[in-house]
2 protein chains.
Amino acid sequence: MATIYQVSELAGVSLATVSRVMNNNTKVSDKTKQKVLKAMAELGYQPNSIAQSLASNRSNSVGVLVSELHGPFFGDMMSAIEDTLRLEGKHTIITSGHSDEERERASIEFLIGRKCDALILHAEAVTDEYLLELEVRGIEFVLINRYIQQIENRCIRLDNKQGGYLATQHLIKLGHQKLAYISGPKWKQDAQERLQGHKQALADAKIEFDDALCFEGDYQQSSGAKGLDWLYEHAPQFTCVVCANDEMASGVMTRARQLGIDVPSELSVVGFDNIIYASYLYPTLTTIDYPIYEMGKMAAKYILKQVYEKKNLDIKSVFVPKLEVRDSSIECA
Amino acid sequence: MATIYQVSELAGVSLATVSRVMNNNTKVSDKTKQKVLKAMAELGYQPNSIAQSLASNRSNSVGVLVSELHGPFFGDMMSAIEDTLRLEGKHTIITSGHSDEERERASIEFLIGRKCDALILHAEAVTDEYLLELEVRGIEFVLINRYIQQIENRCIRLDNKQGGYLATQHLIKLGHQKLAYISGPKWKQDAQERLQGHKQALADAKIEFDDALCFEGDYQQSSGAKGLDWLYEHAPQFTCVVCANDEMASGVMTRARQLGIDVPSELSVVGFDNIIYASYLYPTLTTIDYPIYEMGKMAAKYILKQVYEKKNLDIKSVFVPKLEVRDSSIECA
DNA sequence: GCTATAAATGAAAGCGCTTACATTTTAAAT
DNA sequence: ATTTAAAATGTAAGCGCTTTCATTTATAGC
């Protein structure tokens with residue numbers, strides 16, 4: 001592998017000059033620039049990015065933390081980030097935290113150790129204090145789907161409460177009066193917010209919230225099934241169920257079928273996230289659209305603007321969810 | 001951020017000694033080792049991995065190329081690789097190639113430029129020659145789901161032909177005589193092999209292969225629907241369809257429902273891959289299990305063994321697909 | 001043509017580590 | 001105690017770049 005030294009030799013200039021044409025930040029006369037370019041081409045020169053990083057204290061890579069590497073939600077998020085960053089020649093290092101405090105922290109520290117210029121974090125388990133500490137340490141980062149007031153400009157988020165509201169309101173408008181709810185893990189911020197939205201919608205419609213109609217799931221498919229069973233045990237009269245994500249909604253539909261309950265004629269189901277599979281299910285799932293691709297892109301743009309000094313990028317931090325009506329929800333019989 | 005120099009000063013030893021205890025490859029007396037460890041702890045020292053890489057010519061990171069960052073198949077593959085590598089303190093840099101020759105090549109070169117110690121590639125579009133050239137260049141790599149005879153030990157793969165065979169044989173055993181097939185893009189090796197297996201199973205059962213019963217899709221959900229339409233146009237009498245992946249099978253089922261055709265009583269459907277959503281569909285999808293998680297893990301192990309000199313790892317390169325019978329396929333009426 | 005200034009280039013000091021080689025310390029053997 | 005070999009530690013030269021500062025070269029004004 002050719003080094004900058006060989007290029008400089010072949011071109012008959014100094015190292016510094018070669019470096020200058022590579023980074024073209026300083027003026028270099030056209031004539032020498034051509035010489036250098038020619039030499040580089042001739043040698044098939046590729047700068048050593050490790051050396052560049054060490055010398056410049058810039059790694060040109062941004063670290064990403066997701067909960068899981070699989071799953072449609074994080075897949076879209078990663079795609080969005082990588083697509084956006086790649087266009088600017090930045091690299092993406094992805095790690096997963098598995099919604100576990102210890103592992104999230106380890107992943108973040110790893111990314112910092114790798115000298116990422118910035119981090120994009122979908123951090124669920126780590127404390128606010130830790131995140132605030134990161135800022136104190138001078139780490140550049142942006143949060144996806146998490147809100148911390150003190151650093152709210154670093155938070156790219158969806159109005160989850162509004163989403164929960166929309167889902168529930170939709171069913172109420174269809175005439176449902178007994179609504180069951182399957183929540184995400186209550187320690188997760190988004191799960192709380194979605195549930196709040198649900199409660200708000202009930203309140204606005206003068207329907208009383210009933211604990212027996214609310215099950216706490218874990219956002220996994222299987223807990224949709226578990227939740228439905230639990231609900232039928234505790235409160236058999238509901239006519240619909242709103243789920244805090246699509247996976248659980250899918251679990252509900254599957255379980256309902258096993259129980260011989262028809263969706264939607266006997267039970268309306270609404271999800272949340274609008275993952276790609278929501279439209280492949282039968283019946284197709286009414287859900288709340290989570291523009292995760294757009295949000296991932298925005299997070300990347302935030303970094304490009306703040307860290308890599310790209311100007312002219314408009315940053316928007318709060319995204320609005322939209323109701324996506326499909327076949328799984330109909331008027332109350 | 002503390003550097004090795006400050007540690008050495010605090011501990012009252014030389015740089016070299018500090019480096020030695022970090023890498024503990026050379027003997028260091030217990031006493032000094034303790035001193036150094038203490039100093040490191042006191043300073044909260046974290047080695048600068050960039051500097052380490054530059055000096056040792058080892059980045060401790062392995063590059064991964066997938067077709068897409070999203071999608072259940074690649075998600076599982078990435079998870080497997082990251083899980084395995086992380087345990088050994090190695091890092092994973094993930095890029096996507098979008099099944100496009102140019103982009104795959106760019107991604108691979110990027111990873112090489114990033115000084116990855118090794119590459120794990122799910123390369124579909126790039127030529128055999130290019131891959132062989134990589135070996136000549138001295139790049140360490142392993143291929144997933146691709147077979148090139150000259151470097152077969154570097155190929156972690158599924159017996160796709162056997163998979164195609166099993167799927168088709170399953171339907172034949174159920175009494176089906178008119179079998180439609182929806183293939184993946186024929187330029188992809190796995191698509192070819194799966195189709196070969198299908199043909200072989202037909203031949204073994206003395207059923208003639210019919211071009212009018214074979215549609216070339218693109219592995220996307222939508223081409224399942226397109227394929228079914230095309231098939232009904234060209235050869236209306238078939239009783240089942242085997243699809244080269246689950247996404248297309250899902251598309252087929254959805255379209256069948258729209259057309260008022262019942263699955264499985266009027267049309268049996270079989271997929272391939274056993275992605276997680278296969279069991280969420282209605283009816284649940286009979287498919288061929290692709291042990292991608294195991295294969296991803298194996299690819300990572302291969303690298304650990306070859307590049308990072310971990311011994312005692314058994315490498316297996318060909319995996320055997322298994323038939324997973326569910327509700328979408330039944331006896332021919 | 002000569003000076004003053006700006007533009008282009010070069011020299012060299014790092015960036016924070018690893019590692020070959022040299023030196024010192026320790027332990028073993030006599 | 002003395003010699004000798006082995007073990008532990010230190011010295012210093014890189015790894016391939018970037019960047020500051022000094023130097024040289026070109027440009028303009030008179």
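In what follows, chains are A, B, ... by sequence order, proteins preceding strands, each numbered from 1.
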From CG of A:Asn48 across to P of D:dG16 the rounded distance in Å is 7 Å
Rounded to whole Å, the CD-C1' distance (A:Glu9 to D:dG16) equals 15 Å
A:Leu43 atom CG is separated from D:dG16 atom P, nearest whole Å, by 14 Å
Practice prompt. For D:dG16, take OP1 and OP2 only and decide whether either is under 4.0 Å from a side-chain N or O of A:Thr3.
Written response: no
Discussion item. Is the phosphate of C:dT18 approached by B:Gln52 (side-chain N or O, under 4.0 Å from OP1 or OP2)?
Written reply: yes
On the six-membered ring of B:Phe141, is B:Arg154 placed so that its NZ or CZ lies under 6.0 angstrom from the centre and within 45° of the ring axis?
yes
Item to check | Phosphate OP1/OP2 of C:dA11 contacted by A:Tyr5 side-chain N/O (<4.0 Å) | outcome: no
What does A:Asn57 touch in the nucleic acid at a heavy-atom separation under 4.0 angstrom: a base, only the sugar-phosphate, or nothing? nothing
Regarding the side chain of B:Ser56, the nearest nucleotide among D:dT18, C:dT19, C:dG16 is C:dT19
From CD1 of B:Ile50 across to P of C:dC17 the rounded distance in Å is 11 Å
- prompt: What is the ring orientation for B:His122 with B:Phe73, classed by angle as parallel under 30°, tilted 30 to 60°, or perpendicular over 60°?
  reply: perpendicular
From CG of B:Asn60 across to P of C:dC17 the rounded distance in Å is 14 Å
**Prompt:** For C:dG10, does either OP1 or OP2 sit under 4.0 Å from a side-chain N or O belonging to A:Ser14?
**Reply:** yes
What residues 16-33 of chain A contributes to the DNA chain C interface at heavy-atom separation below 4.0 Å is A:Ala16, A:Thr17, A:Arg20, A:Lys27, A:Val28, A:Ser29, A:Thr32
Regarding B:Ser99 and B:Glu124, do their side chains bring together a donor and an acceptor under 3.5 Å, going by distance alone? yes
Identify whether the distance between the nearest side-chain nitrogen and carboxylate oxygen of B:Glu109 and B:Arg105 falls below 4.0 Å. no
- Task: Check whether any side-chain heavy atom of B:Glu104 lies under 4.5 Å from a side-chain heavy atom of B:Tyr130, and answer yes or no.
- Result: no
Between CG of A:Leu54 and P of C:dT18 the distance, given in whole Å, is 12 Å
So that I can tick it off, tell me whether A:Lys301 and A:Asp314 are bridged by a salt bridge, with the cut-off set at under 4.0 angstrom between side-chain N and carboxylate O.
no
In whole angstroms, the gap separating C1' of D:dC17 from CG of A:Leu15 amounts to 8 Å
The side chain to side chain donor-acceptor pair (under 3.5 Å) partner of B:Asp190 among B:Tyr290, B:Tyr219, B:Tyr147 is B:Tyr219
